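Note that the structure is a prediction, hence the values are computed from the model and not measured.
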Amino acid sequence: MKPARTPLRMLAVATALLASSVVASDLSICLGFKPDDKVLVVNADDVGMHPDLDRAAFALIDGKKIQSLSLMPPTPNFKQAAQMAVARKLPVGVHLTLTNEWQAAQPWGAVLPQSEVPSLYNPQGRLWATTQEVARHAKPEEAKKELLAQIARARAAGLTITHLDAHMVFWGASPELLWLYVGLPAETGIPVVMQGNFMPLDKQMAAARELQGGGALTPDAFFMQYNPAQRHEGKRYAGYDGLFAQLPAGISHLAIHPARDSASARAAIADLTLRLSDFEAWNDANLGKLGQGVKRTDYRALKALQEKINTGDEHCLK
């Protein structure tokens, strides 16, 4: 595939992620939506980490409550989760993973052995627990080697990959990791999700347009409600009720973290209350009714457009 961007262009794009003014996106029009359409992809993260997370994500997929999910290639249940996706002929994302925040509870390392990417491993033989540790210790060339190996492992499992997203938003920890992440669409032909919900929405959307204009496709906006302190066991979480009214016109990505309950999940997943809450919220028919008028999509069309950009074919996003 031909690179879609020059280094100088990508430097400007990376800078735009930190400060930009709002510009409306043409992406949804290019994908066949109307200019004022609100278009949402609801994506379950962390699939492959634990069987009860996988069970929840696929139940929401099977019930047509969400549109997409992302698998973590280094994690213990990846093989089984990949088989579940392949059996459904379900295109998926790869939740690129350079950290292990669970450590002893779920002791995963990288896809590549420590001998090949030693800077990605902590003294306990696992991935580093925090993105700050990754930024301090990981050599960029080893991080890139591992991310490409994770994509290769997903392909080898028979998965059709439509998008890439970043576990724990590792790309925010250093300019080198950001540069690596935004370069992946040119390298792989796969769009990335920029998890920019820490930015004001106008700046987030302007930064997304800069990336899109540079040839690295990403949704226009990203939303996530990761707030364990606001979740309570047995109590309905109403935080998503107002989400649909907040969505801008364009393509938005919402990351959720659903799980089902079990003794194993309670032993292994520290934030299980939030994850049970997410499953109940998105399995609730009333939430679906609140979203009437919001169009839903997945990443297949965006992936096809990224491939056209990379090969130099004529495409609608100029």
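Applying the ring pair (Phe, Tyr, Trp, His ring centres under 6.0 Å) criterion to Y299, with sequence neighbours excluded, gives H163, H253. Scored by the salt bridge (Lys or Arg N to Asp or Glu O under 4.0 Å) test, K145 finds E116 as partners (sequence neighbours excluded).
In this structure, the side chains of Y240 and V42 stay at 4.5 Å or more apart for every pair of heavy atoms. By the 4.5 Å heavy-atom criterion applied to side chains, T75 and Q106 are not counted as neighbours. Within the 4.5 Å cutoff, no side-chain heavy atoms of R136 are placed close to those of W128. Looking only at side-chain heavy atoms (C-beta outward), L96 and W171 stay at 4.5 Å or farther from each other. With contacts defined as side-chain heavy-atom distances shorter than 4.5 Å, the pair N197/F223 does not qualify. When side chains are defined from C-beta on, L148 counts as touching E187, because their heavy atoms get closer than 4.5 Å. H167 places none of its side-chain heavy atoms less than 4.5 Å from the side chain of L98. With a 4.5 Å cut-off on side-chain heavy atoms, K144 and L147 do not count as touching.
Side-chain atoms of Q195 never come within 3.5 Å of backbone atoms of F222 as a donor-acceptor pair (strictly under, hydrogens ignored). Remark: side-chain polar atoms of E233 are not paired, donor with acceptor, to backbone N or O of L274 under 3.5 angstrom. Between the side chain of N77 and the main chain of H50, no donor-acceptor pair closer than 3.5 Å is present.
Heavy-atom contacts from other residues, nucleotides or ligands closer than 6.0 Å to CZ of R88 number more than 12.
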Practice prompt. For R209 and M205, run side-chain contact (heavy atoms from CB on, under 4.5 Å): C-alpha distance rounded to whole Å, both residues' side-chain angles, the deciding distance at 0.1 Å, then the answer.
Written response: CA-CA 6 Å; R209 181 171 175 83; M205 295 185 71; over 6 Å; no
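L287 and I61 fall within the same hydrophobic cluster, where Ile, Leu, Val, Met, Phe, Trp and Tyr residues are linked whenever their side-chain heavy atoms come under 4.5 Å apart, directly or through other members.
A side-chain donor from one of D52 and S262 sits under 3.5 Å from a side-chain acceptor of the other. Y226 and D45 share no side-chain donor-acceptor pair at under 3.5 Å. Using a 3.5 Å distance cut-off with no hydrogens or angles, the side chains of D220 and Q212 do pair a donor with an acceptor.
K303 NZ to Q306 CD: the interatomic distance, rounded to the nearest 0.5 Å, is 9.0 Å. Atom OG1 of residue T273 and atom CZ of residue R266 lie 7.0 Å apart, to the nearest 0.5 angstrom. From D54, atom CG reaches atom CD of Q80 across 8.5 Å, with rounding to the nearest 0.5 Å. Atom CD1 of I190 sits about 8.5 Å away from atom CD of E307, to the nearest 0.5 Å. A distance of 8.5 Å separates CG in L254 from CG in N43, rounded to the nearest 0.5 Å. Atoms OG and CD1, on S277 and I256 in that order, are 10.5 Å from each other to the nearest 0.5 Å.
Checked for salt-bridge contact, D278 and R231 meet the test: a charged N lies under 4.0 Å from a carboxylate O. Remark: K65 does not engage D284 in a salt bridge, criterion side-chain N to carboxylate O under 4.0 Å.
The minimum heavy-atom distance linking P91 with K89 is given by the pair CD-O, 3.4 Å.
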